[in-house]
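Comments concern the structure below.
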Number of protein chains: 2
Amino acid sequence: MTDGTRERFLDASARLFRRQGYAGTGLKLITAESGAPWGSLYHHFPGGKEELGVATITRSGRRYEKVLHNLAAEATDTAQIIEDYFQLSVEALAASDYADGCPVATVALEAASTNEALRHCCAEVFASWQLALAERLEADGLAPDAAAELAVFALATFEGAVMLSRTARDPGPLRVSARLTARAIRTAIATSR
Amino acid sequence: MTDGTRERFLDASARLFRRQGYAGTGLKLITAESGAPWGSLYHHFPGGKEELGVATITRSGRRYEKVLHNLAAEATDTAQIIEDYFQLSVEALAASDYADGCPVATVALEAASTNEALRHCCAEVFASWQLALAERLEADGLAPDAAAELAVFALATFEGAVMLSRTARDPGPLRVSARLTARAIRTAIATSR
DNA sequence: GTCTATAGCTTGATAGAC
DNA sequence: GTCTATCAAGCTATAGAC
């Protein structure tokens with residue numbers, strides 16, 4: 001295996017950062033949940049908490065980028081891809097008692113004005129998701145500018161809807177936003193032809 | 001005066017919670033920035049940090065609800081109100097070096113799974129904003145259900161767009177989302193007639 | 001090289017002097 | 001009643017034993 005201990009650290013911190021945020025999660029708790037000894041954290045992440053945070057966010061970003069690409073490979077309709085992605089979040093929230101929202105959002109807001117390395121990392125993850133969506137929309141015939149704008153719009157709506165659903169403990173905002181976002185995308189594609 | 005010291009605590013904590021989050025902001029820093037003596041915090045907020053957090057979020061919620069109502073009183077076009085609200089956020093971010101985003105969002109995500117009192121308080125604030133928007137959309141002739149859904153959708157897009165703009169240090173996501181949200185609202189109002 | 005034990009700080013909260 | 005001084009517990013990071 002490549003390095004099981006490092007992976008266990010990343011798994012634990014991904015789970016905890018997503019639910020409690022970056023500042024609210026201590027390294028002690030992360031090591032305890034990972035099952036690894038305390039000292040090995042600084043062996044695998046010499047940069048301490050910040051390096052662990054950046055690695056965790058980057059990995060979560062790549063993981064969901066793949067989910068997005070997998071959905072894009074299966075579905076034929078881009079609006080349907082969006083609805084599927086929202087639906088995945090509805091299910092993740094229901095399965096986790098509304099704990100598992102976006103793995104990046106909480107850290108992004110915390111770090112935006114307090115930790116430049118972490119902020120930059122979160123920004124790149126959001127940009128990668130936006131790009132994946134924009135590429136799919138271009139394939140539907142939208143002009144590059146229009147595709148990029150619609151992708152930002154869809155991503156913003158998704159992030160906000162997850163926040164509202166998680167805070168209210170109600171899948172409603174995600175469901176409603178999924179439908180209206182899909183409608184906006186269908187309209188945009190239709191009018192571009 | 002009613003109580004200047006209490007107000008100063010709330011001002012300081014509102015500013016700090018918005019920028020650094022709840023877990024990332026210590027009571028020591030809040031008292032220091034408020035200029036009040038350490039002991040008086042527990043005089044005004046016997047419930048400690050949690051009570052201060054709830055009071056801060058509730059006050060911020062009421063404040064922006066008023067902003068929304070003021071915009072609604074001035075503008076004739078609901079889509080224009082939305083665009084104005086987005087624009088206010090663009091200006092707040094620019095004026096604060098991308099520090100002042102939504103005063104509730106960061107705390108909402110941090111507290112959603114860790115602090116029930118705070119989560120509930122954030123949920124009520126979001127609900128109050130949604131209601132204010134929905135009332136305005138009903139006044140435009142939308143059916144109650146459609147108005148409520150469009151209000152959730154607009155609020156979600158706004159919250160997500162603030163997050164993306166703040167993280168990327170770029171007003172683009174807010175600008176694009178403002179335009180597309182306004183378009184969706186105009187379309188919904190037009191087709192309902 | 002691995003990891004335990006601990007240093008040095010900061011946190012939220014309170015006892016007790018005034 | 002007001003507030004200072006202090007508390008125990010948590011934090012991140014590291015020195016040094018194996």
Side-chain angles (χ1 to χ4, degrees), chain A residues 1-57 106-107 109-111 113-119 121, chain B residues 1-57 106-107 110-111 113-119 121-122:
Chain A
M1 64 185 170
T2 51
D3 195 330
T5 304
R6 194 188 145 94
E7 285 298 304
R8 284 213 305 279
F9 275 124
L10 290 171
D11 284 340
S13 61
R15 192 168 56 245
L16 289 165
F17 287 159
R18 194 214 281 238
R19 300 182 177 202
Q20 317 184 354
Y22 180 78
T25 305
L27 295 182
K28 288 261 167 66
L29 182 59
I30 292 174
T31 49
E33 292 233 346
S34 75
W38 167 247
S40 63
L41 196 155
Y42 279 87
H43 169 69
H44 292 287
F45 301 96
K49 193 180 190 180
E50 186 178 283
E51 184 182 343
L52 177 63
V54 169
T56 301
I57 295 295
T106 313
V107 177
L109 287 179
E110 287 181 280
S113 305
T114 60
N115 185 318
E116 178 56 21
L118 217 42
R119 179 203 68 77
C121 164
Chain B
M1 66 183 170
T2 51
D3 196 330
T5 303
R6 194 187 145 93
E7 286 296 305
R8 283 214 306 279
F9 275 125
L10 290 171
D11 284 341
S13 61
R15 190 168 57 245
L16 290 165
F17 286 159
R18 190 210 270 232
R19 300 182 177 202
Q20 317 184 359
Y22 180 77
T25 305
L27 295 181
K28 291 261 165 67
L29 181 59
I30 292 174
T31 51
E33 292 233 347
S34 75
W38 167 246
S40 64
L41 196 156
Y42 280 86
H43 169 68
H44 292 288
F45 302 96
K49 193 180 191 181
E50 185 178 286
E51 184 182 345
L52 177 63
V54 169
T56 302
I57 294 295
T106 313
V107 178
E110 287 181 278
S113 306
T114 60
N115 186 317
E116 178 56 21
L118 216 43
R119 179 203 67 78
C121 165
C122 292

Legend entry - Closest nucleotide among C/dA13, C/dT2, D/dT2 to the B/L27 side chain: C/dA13

Shorter than 3.5 Å, N or O on both sides, protein versus nucleotides 4-10 of chain C: list them out with atom names.
from, atom 1, to, atom 2, distance (Å)
C/dA5, N6, A/W38, NE1, 2.7

Legend entry - Euclidean distance, atom CG of residue B/L16 to atom P of C/dT11 [Å, nearest integer]: 12 Å

Inset, instruction - Starting from C1' on C/dA13, measure out to CD on B/E51 and report it in whole angstrom. - result: 14 Å

Inset, instruction - Given side chain to side chain contact (heavy atoms under 4.5 Å, CB included), test B/L27 with B/L52 step by step and report yes or no. - result: CA-CA 10 Å; B/L27 295 181; B/L52 177 63; 4.0 Å; yes

Inset, instruction - Figure out the NE2/P separation between A/H43 and D/dT12, and round it to whole Å. - result: 20 Å

Inset, instruction - Could you tell me whether the side chain of B/E50 reaches within less than 4.5 Å of the side chain of B/Y22, counting heavy atoms only? - result: yes

Legend entry - Non-hydrogen atoms of A/A55 and A/R6 that approach each other most closely: CB-NH2, 4.2 Å

Inset, instruction - Determine, stepwise, if the pair B/C122 / B/V107 fulfils side chain to side chain contact (heavy atoms under 4.5 Å, CB included). - result: CA-CA 8 Å; B/C122 292; B/V107 178; 4.2 Å; yes

Inset, instruction - For A/T31, report the nucleic acid contact type (base, sugar-phosphate, nothing); a contact means any heavy atom under 4.0 Å. - result: nothing

Legend entry - Rounded distance (Å) that lies between atom P of C/dC3 and atom CZ of A/F45: 15 Å

Inset, instruction - Check the side chains of A/T5 and A/S40 for a donor-acceptor pair under 3.5 angstrom, ignoring hydrogens and angles. - result: no

Inset, instruction - Output the single nucleotide from D/dT2, D/dA13, C/dG12 whose closest atom is nearest the side chain of B/Y42. - result: C/dG12

Inset, instruction - Mind listing the closest non-hydrogen atom pair of A/N115 and A/L118 along with its distance? - result: OD1-N, 3.0 Å

Inset, instruction - Provide, to the nearest angstrom, the distance between the CG atom belonging to B/L29 and the P atom belonging to C/dT11. - result: 8 Å

